[in-house]
Amino acid sequence: MPPSPTGSFHVGTVRTMFFNWLYARHTGGRVVLRFEDTDRARSTEDAIAQAEDVLNWLGIDWDDGPHRQTQRLDLYAKAAADLVERGAAYPCYCTTEELAAERERRRAAGLPLVYSGRCRGLSADERAEREAAGLASVIRLAMPTEGTTAITDVVRGHVEWENALQGDHVIFRSDGTPTYLFANPFDDIAMGVTHVIRGEDLLSSTPRQLAVYAALAAEPPTYAHLPMVLGTDRKKLSKRHGAVSVEEFRDRGVIAPALLNYLALVGWSYDDHTTVMSVDELKERFSLERVNASPGVFDAEKLEWLNGEHLRALPPEEFTAILQGYLKDRGSPLAARPERIAEVAPIVQEKLRTLGQFEGFAGFLFGPAEIDPDAWARVEADSAAARSLAAARDALAGVGEWRAEPIQAALAAACEREGLKPRVLYMPVRVAITGRTVAPGLYESLELLGREESLARIDAALGRLGAPASSCKPR
RNA sequence: GCCGCAUUCGUCUAGGGGCCUAGGACGCCGCCCUCUCACGGCGGUAACACCGGUUCGAAUCCGGUAUGCGGUACCA
C-alpha cells in the first residue's frame, strides 16, 4: 500500500487491501504488507504509524512485514545498476524542459506521447562525456520496440498492448530512488508475491512492469485489476465527495465489520441476494472470479444502513462495550459514566445507524434535556398539549413500581380517560422528557430517567407552555 | 492526440442465448405493527446506452458509435 501523504486512509485503498486479504485468507495464502513510500512525500513516520493503526482497527492482519521501500534503497540501486550493465536499462540525460518540448512536438504531430528513446543509443563515450559534464541522469528501462505484451487478467480477461507505444519509462530517479514501476515488481519477486490485486488505475502500467519481470528473468504474477471506486459524480472518489477516509467513518461511529462488508460489495457480490455478511463469512465466500469489472459509486447512505444492521446483530454486551469504547475514544463527556451507558445501550441498539448518533439520541438520559426548537414548536401548535402533559403527570405520579410496564399501563389509562389517542398524548410528553420528537421508547426512557426527574421535566414543560391546565380554556 | 478498461433501476448489483413480462439490496413513496423515530412486515416506483450483425431466439455472442473512467509523470 501507498501511505497517504495527506495522512488520511482512503476507503479505496482499504477496499484494495481488503480484497487482497480476503483472497489470501480464503486460499490459505500469505499476506505481505509493504509500504510503497519511495515518493518522498509519502515517506513519513506519521503516515506509516497511522496506516498500521487503521489496519489494526479494521482487523486486517499480515504475515510478512511491514516492509518499507525507503529502507531497501540499496537493493534497488544494485539491481538497477545491474540492468544498465546488461543493457536492459540505460541512463538518460534529457532535461525536463527537453522532454516537455518533445511531448509538445509529438502531440502536435498526433503521435503517442512516449519518450523517443533519444539517450538509448548513446555510446559509452557519449555517456562518459555527459557524466564528466556533471549532467543529472535517470535510468530508463529499454522496452521492446515491437510486438505486443498481453496478460490474462482474472477480472478482465485478455488485455493486450502494443510494445512500441509504451516508451522507455523511468525506473530510477536522478535522486537515486526507484519509481513504483521498478520497486514494485522487484519487491514482488523478492517477497514471493504470486497475486497482484490492485486498482484499475494501474492496469495501463502492467506492460511496463512485465518488462521488469522479463529483464529480471522472473515469472510474472497473476493479475487482478479491481474496478475503481467513484464519487457520486462518477469521478474518482475524493474529499469533495464528503467523507472518504477510514478515520472519518470511524469518527462518526461506523464499525469496522460494517465498513468492510460494504466495501466488499463494491465490485464483488456473493450471489443475487446476500448483502449482510460478517468478516468470517466474507472470508469464506470471497472469490476473485466474482469480482466485476465496472466501476462503482460509493454510497455512504447504504454504508450507514449496513452499519445499523451490524450494530443490531451484535450481542448486547458487545454493543455496550463498543459504544463505551467509541465514546471514550472520541472524548465524549458521556464516557465518564460507563455504567450509565450500559443501562442506556439496550434501548438504543435497535435504533442507531451509527454510534455517533448516540449523544443526540440518548443524551437526555445523562443530563438536562436540550429542547429542540422544532420539536417545541410542534408542542406549542398542539392545542391538546397542556392537557396531555397534565394527564400524563397525574398518571405517572400514581404509578406504583417505577418500571416500564406499569408506566405503560398508567399512560394507556390516561389516554383512555382523556379520550386522546396515544400518539397525541405521548408527543408532548416525549418532547418534555427527551427534548425531541425522535427518541428511544418512551416507557423505557421514563424508567431510566426516574420518577422525580420525569415529573420535573413535565412540570417544566407545563410551565414553559405558560398555562396550567386549569386556565387553558378555549377563547 | 494516442492507448487501455467499462457501460443492467438514482445507487450497489444478479444475470454468462431460451428459466427475464430482467431478480435482490440501499434510497424514495404508500400501508401495517392501536408511542414518535427506528426495527420488522406488506405493496409500489425505477434499468438492459445506441445502431447494426450472428441466431429459430440476445441483457447475454460479434462489430461500430456514443459516453464515462484510467494511463500516457523523475506520483503510486
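Reminder, nothing fancy here: chain letters follow the sequence lines and each chain counts from 1.
Of the inter-residue distances, the one linking A:Gln166 atom CD with A:Met143 atom CE reads 5.0 Å to the nearest 0.5 angstrom. Taking CG from A:Leu448 and CH2 from A:Trp402, the interatomic distance works out to 11.0 Å, rounded to the nearest 0.5 Å. In this structure, the separation between CZ on A:Arg290 and CH2 on A:Trp268 is 7.5 Å, given to the nearest 0.5 Å.
At a threshold of 4.0 angstrom between heavy atoms, the contacts of A:Glu289 with the nucleic acid are absent. Across all strands, A:Thr437 comes closer than 4.0 Å to base atoms (heavy-atom distances). Within the 4.0 angstrom heavy-atom criterion, base atoms lie near A:Tyr443. A:Glu160 comes within contact range of the sugar-phosphate backbone alone, with a heavy-atom separation under 4.0 Å but no base atom that close. Residue A:Val159 is classed as a sugar-phosphate contact, given heavy-atom separations below 4.0 Å to backbone atoms only. A:Ala439 comes within contact range of at least one nucleobase, with a heavy-atom separation under 4.0 Å. Residue A:Leu202 is classed as a base contact, given a heavy-atom separation below 4.0 Å to a base. Note on A:Pro440: a base of the nucleic acid sits closer than 4.0 angstrom, heavy atoms only. No contact: A:Arg436 has no heavy atom under 4.0 Å from any strand. Within the nucleic acid shown, A:Leu113 comes within 4.0 Å of at least one base atom, counting heavy atoms only. Residue-level contact check: A:Leu442 touches the bases, meaning some heavy atom is under 4.0 Å from a base atom. Looking at heavy-atom distances under 4.0 Å, A:Arg103 makes contact with sugar-phosphate atoms alone, never a base. No engagement by A:Lys421 is indicated, since no non-hydrogen atom pair under 4.0 Å with the nucleic acid exists. When heavy atoms are screened at a 4.0 angstrom cut-off, A:Leu111 is found touching base atoms of the nucleic acid.
Between A:Phe298 and A:Tyr262, a ring centre-to-centre spacing shorter than 6.0 Å is recorded. A:Phe286 has its ring centre less than 6.0 Å from the ring centre of A:Phe19.
Not one side-chain nitrogen or oxygen of A:Asn184 sits closer than 4.0 Å to the OP1 or OP2 atom of B:rA76. Between A:Arg430 and B:rC35 there is no side-chain polar atom (N or O) within less than 4.0 angstrom of OP1 or OP2. Taking only side-chain nitrogens and oxygens, A:Arg234 never comes nearer than 4.0 Å to OP1 or OP2 of B:rG70. Put simply, A:Trp161 has no side-chain N or O that comes within less than 4.0 Å of OP1 or OP2 on B:rC3. Look at A:Thr38 and you'll find a side-chain N or O under 4.0 angstrom from OP1 or OP2 of B:rA76. Of the side-chain N and O atoms in A:Ser204, none sit less than 4.0 angstrom from OP1 or OP2 of B:rG70. The shortest distance between the side-chain N/O atoms of A:Arg312 and the OP1/OP2 oxygens of B:rA38 is not below 4.0 Å. The shortest distance between the side-chain N/O atoms of A:Arg198 and the OP1/OP2 oxygens of B:rG70 is not below 4.0 Å.
Going from the C1' atom of B:rC48 to that of B:rG23 covers 13 Å, rounded to whole Å. The gap from the P atom of B:rA38 to that of B:rC20 amounts to 34 Å, rounded to the nearest Å. Spacing between B:rG4 and B:rU65 at atom P, rounded to whole Å, works out to 13 Å. Across B:rU54 and B:rG71, the matching C1' atoms stand 34 Å from one another, rounded to whole Å. Look at the P atom in both B:rA25 and B:rG44: the space between them is 12 Å, to the nearest Å. Between B:rA59 and B:rU21, the two C1' atoms lie 14 Å apart (nearest whole Å). Atom name C1', nucleotides B:rC62 and B:rC19: the rounded distance is 25 Å, in whole Å. For the C1' atom pair drawn from B:rG27 and B:rC69, the interatomic distance equals 25 Å after rounding to whole Å.
The partner of B:rU7 is B:rA66, by the rule that a Watson-Crick or G-U pair needs both atom distances under 3.5 Å. Base pairing of B:rC74 is not made with any nucleotide, judged by Watson-Crick or G-U wobble geometry with both donor-acceptor distances under 3.5 Å. Taking a pair to require two hydrogen-bonding distances under 3.5 Å in either a Watson-Crick or a G-U wobble arrangement, B:rG40 pairs with B:rC32. Pairing partner, B:rC56: B:rG18, with both Watson-Crick or wobble hydrogen-bond distances short of 3.5 Å.
Taking atom CG on A:Leu226 and atom C1' on B:rA76, their separation rounds to 16 Å, with Å as the unit. Atom CG of A:Asp168 is separated from atom P of B:rA73 by 12 Å (rounded to the nearest Å). Atom CG of A:Leu99 and atom C1' of B:rC74 are 9 Å apart (whole Å). A:Arg208 places its CZ atom 7 Å from the C1' atom of B:rU72, with the value rounded to the nearest Å. The interatomic distance linking A:Leu141 (CG) with B:rA73 (P) rounds to 15 Å, in whole Å. To the nearest angstrom, P of B:rA25 lies 18 Å from OH of A:Tyr270. A:Glu104 places its CD atom 15 Å from the P atom of B:rC2, with the value rounded to the nearest Å. Whole-Å rounding puts the A:Asn292 CG to B:rA25 P distance at 19 Å.
A donor-acceptor contact under 3.5 Å is not formed by the side chain of A:Lys302 with the base of B:rU13. For a distance-only test at 3.5 Å, the side chain of A:Ser174 qualifies as a donor-acceptor partner of the base of B:rC74. Not a single donor-acceptor contact under 3.5 angstrom links the side-chain atoms of A:Ser205 to the base of B:rG71.
Ion pairing of A:Asp201 with A:Lys236 is present here, as a side-chain N (NZ or NE/NH1/NH2) and a carboxylate O approach within less than 4.0 Å.
The closest side-chain donor-acceptor pair between A:His67 and A:Gln69, if any, does not fall under 3.5 angstrom. No side-chain donor from either of A:Glu102 and A:Tyr115 sits under 3.5 Å from a side-chain acceptor of the other. Counted by atom type alone, A:Thr149 and A:Asn163 present one or more donor-acceptor pairs between their side chains at under 3.5 Å. Side-chain atoms of A:Asp187 and A:Tyr76 include a donor-acceptor pair closer than 3.5 Å.
The side chain of A:Glu200 lies closest to B:rC5 when the candidates are B:rC5, B:rA25, B:rG27. The listed nucleotides are B:rC37, B:rC35, B:rG27; the one nearest the side chain of A:Glu444 is B:rC35. The side chain of A:Asp299 sits closest to B:rU11 out of B:rC5, B:rA14, B:rU11.
Heavy-atom distances to RNA chain B give each of A:Trp305 and A:Arg140 a nearest nucleotide, and the one nearer the 5′ end belongs to A:Trp305. Take the nearest nucleotide of RNA chain B for A:Leu352 and for A:Val138: the residue whose nucleotide is more 5' is A:Leu352.
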